[in-house]
Amino acid sequence: MNSPVNTPAPQHEGLISAEERPASGAWLAKAHTDAAARLTQMGLPKRRDEYWKWTRPDALLAEQAAPAAAFDYGDEQPVFHAVDRLKIVFVDGVFDAEASDDLSGEGLEIERLAEAAKADIHWASGLYGALETRGHNPVDRPLAAHNSAMATDGVLIRATGQVSRPVSVMYRHISDTSDAILHHVVKVEEGASLTLLENGTAAARLSMVTEIDVADGASFHHVRAQGRDHGRHVLTHIFARLGRESVFKSFTMAVNGMLTRNECVIEILGDDAIAHVAGAALGDGADGAFLHDDTVFVTHDAVNCESRQVFKKVLKNGATGIFQGKILVKAGAQKTDGYQKSQSLLLDEDAQFLAKPELEIYADDVACSHGSTSGAIDEEALFYLRSRGVPERIATDLLVLAFLADTIEEIEDADIADDIVSRLEAWLERHRG
Amino acid sequence: MLSIKGLEVKLEDEDKQILKGVDLEVPAGKVHAIMGPNGSGKSTLSYVLSGRDGYEVTAGSATLDGEDLLDLDPEERAAAGLFLAFQYPVEIPGVGNMTFLRTAVNAQRKARGEDEMSAADFLKFIRAKAKDLKIDADMLKRPVNVGFSGGEKKRNEILQMAMLEPKMCILDETDSGLDVDAMKLVSEGVNALRAEGRSFLVITHYQRLLDHIKPDVVHIMARGRIVKTGGPELALEVENNGYADILAELDA
């Protein structure tokens with residue numbers, strides 16, 4: 001057989017086959033091969049998998065992407081438009097050189113995966129697929145391995161110092177049937193710092209993996225807005241590895257979307273590191289089916305580290321929110337301060353929230369807690385606001401934004417936070433009543 | 001100003017009558033006090049007037065300058081000029097006090113067809129009002145009533161009253177949970193708002209608040225009705241003798 005990899009077991013036919021796998025340079029070819037082998041070994045998600053019990057993987061596994069129309073934003077300015085940033089544009093998963101900035105910046109090396117693949121050796125070769133491989137814990141994440149085996153493009157970002165402006169990856173969705181696989185690798189070198197912005201719905205169906213290595217003393221900030229496309233099916237994985245005294249902060253805003261599953265797997269390996277991951281998701285079933293799933297796994301494997309998971313969902317008209325989150329504190333990871341909060345605000349009786357918060361602790365000197373709640377708008381607070389003359393709809397919006405406030409607090413930059421809040425306000429205003 | 005006639009109110013979810021025919025007239029520019037034992041219906045009256053859910057009006061009427069209050073949503077009552085200073089001001093995490101007040105002031109202006117207040121004008125306005133009530137900048141920035149002491153919460157109520165400039169102010173046990181100094185400060189805030197076109201209905205258990213906010217008329221409420229009306233001396237009488245005599249008269 002000439003194929004560079006073992007032919008996957010028959011059950012994976014259609015989803016992955018050696019013939020359609022891209023030709024690439026030596027390092028990426030090997031990474032593709034290894035990932036395909038991992039996938040073969042794991043098998044695809046099955047409906048009976050605990051890990052997929054609430055979000056059915058069918059649409060993600062289907063041979064073809066279910067059609068999804070691109071959202072018409074009219075003349076609305078996209079998120080982050082006022083931020084001075086380095087823009088990288090993908091249209092339906094395909095790099096758009098015309099619309100993108102020159103891929104260079106102070107303290108920064110940026111390259112497309114498609115370009116880097118031609119090299120025989122590359123700095124990303126030690127990370128591509130490697131953090132994903134470490135992330136199959138406590139469960140296999142076969143669709144992440146599938147992504148690593150199939151991705152031909154994405155961005156490789158290496159921050160070597162103080163990066164002067166954020167790197168902004170903008171996704172545009174035009175074709176109703178686009179089916180994109182993107183794989184990014186980010187390496188923030190010792191003492192360096194980087195802000196990554198992402199916005200837009202990349203395709204009708206998207207699988208995206210982002211592997212992020214935050215070295216000792218480095219910091220990484222991530223703010224993501226996943227676009228407003230209703231019919232989209234999106235699966236994202238973040239695999240992050242944190243060094244000593246490093247900082248990782250990630251915030252995601254998600255509104256609309258037939259299926260959006262964001263997995264975030266963080267491994268804290270260096271002492272005194274900080275990892276915060278937050279998400280605000282808003283869904284109105286009146287627009288079409290809405291399902292948003294945050295699946296988060298944080299491992300503490302170092303001393304005196306802090307982790308925060310703050311996930312909030314606002315749901316109405318049959319919208320479904322899912323949270324599966326875990327903090328694993330390994331033996332020896334003393335002085336761990338781990339906190340997990342997953343809350344949903346159900347604006348009517350048709351919405352549902354399913355949550356599985358978990359703590360698994362093998363160290364004895366730790367402070368870990370979790371809180372998972374779902375509830376309606378606080379009637380007392382609503383009456384108080386109305387009694388001061390604030391109309392019910394505006395009062396409700398104020399209380400919804402207040403509910404989301406502690407996710408927004410995880411955004412470092414005040415202007416970006418204001419931008420995100422204004423989008424949330426606008427969404428609420430459009431979905432009143 | 002405020003005219004209540006034969007108001008009967010029961011709990012929405014229970015077959016329990018709370019107000020059994022309340023008659024009350026508060027003319028413009030006057031301060032009326034309502035005193036009464038626990039469970040007499042004083043707080044219910046304030047909630048029903050401001051439009052809180054959970055009550056059902058079975059008979060009677062309540063109008064403000066001729067406008068039927070009971071038909072209006074709470075926010076419309078506020079825009080019509082009604083203000084309730086809560087006995088237990090509600091904590092609202094995540095909503096800044098300043099944002100809250102600005103939203104409220106502008107919503108009321110909008111409802112009355114007036115222009116919204118600019119950010120600069122609003123800031124000037126609120127700073128002046130806050131200073132009188134010894135409310136510092138930090139309290140304005142904090143979330144509404146979150147982590148406020150009892151005194152701070154009540155001062156915040158009076159600040160809202162001062163900002164919204166209502167014509168009919170209902171104070172529901174504003175003295176509860178206040179020490180002497182805080183009570184003095186709050187009373188001064190209320191007295192500063194006394195004006196020809198503004199009336200007050202002060203609900204309290206104790207006469208001592210009425211030493212600071214001098215009422216024109218005192219009503220005694222018991223068993224869901226106004227059972228006695230008199231001048232300020234009526235409050236002193238209650239303070240000295242309690243409600244026993246009045247209740248005994250009712251039973252007679």
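First the proteins, then the strands, lettered A, B, ... as listed; each starts at 1. None of the values given here were measured: they were computed from a predicted structure.
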Hey, could you give me the CD/CZ distance between Glu379(A) and Arg52(B), rounded to the nearest 0.5 Å? 10.0 Å

Within a reach of under 6.0 Å around [atom1] of [X], are more than 12 heavy atoms found that belong to other residues, nucleotides or ligands?
X	atom1	answer
Arg393(A)	CZ	no
Glu12(B)	CD	yes
Lys110(B)	NZ	no
Glu196(B)	CD	no
Arg127(B)	CZ	no
Lys335(A)	NZ	no

For residues 373-392 of chain A, which residue pairs qualify under ring pair (Phe, Tyr, Trp, His ring centres under 6.0 Å), counting only residues two or more places apart or in two chains? Phe383(A)-Phe86(B), Tyr384(A)-Phe86(B), Tyr384(A)-Phe100(B)

Could you look at [X] and say if it's the side chain, the backbone, both or neither that has a heavy atom under 4.5 Å from chain A?
X	result
Pro143(B)	neither
Val105(B)	neither
Asn106(B)	neither

Between [X] and [Y], what is the shortest heavy-atom contact and its length?
X	Y	answer
Pro74(B)	Ser387(A)	CB-N, 4.3 Å
Ala402(A)	Pro93(B)	CB-O, 3.3 Å
Val95(B)	Leu398(A)	CG2-O, 3.8 Å

Arg388(A) side chain to Leu84(B) main-chain N or O, any donor-acceptor pair under 3.5 Å?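 Judged by distance alone, yes, a pair lies under 3.5 Å.
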
State which residues pass salt bridge (Lys or Arg N to Asp or Glu O under 4.0 Å) with Glu425(A); sequence neighbours excluded, sorted by chain then number. none

Measure the shortest side-chain to side-chain distance between Glu76(B) and Arg386(A) over non-hydrogen atoms and say whether it is less than 4.5 angstrom.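 Not in contact.
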
What part of Ile408(A) gets closer than 4.5 Å to chain B, counting heavy atoms only: side chain, backbone, both or neither?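 Ile408(A) has no heavy atom closer than 4.5 Å to chain B.
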
Okay, Glu409(A) and chain B: the region with an atom under 4.5 Å from a heavy atom over there is neither

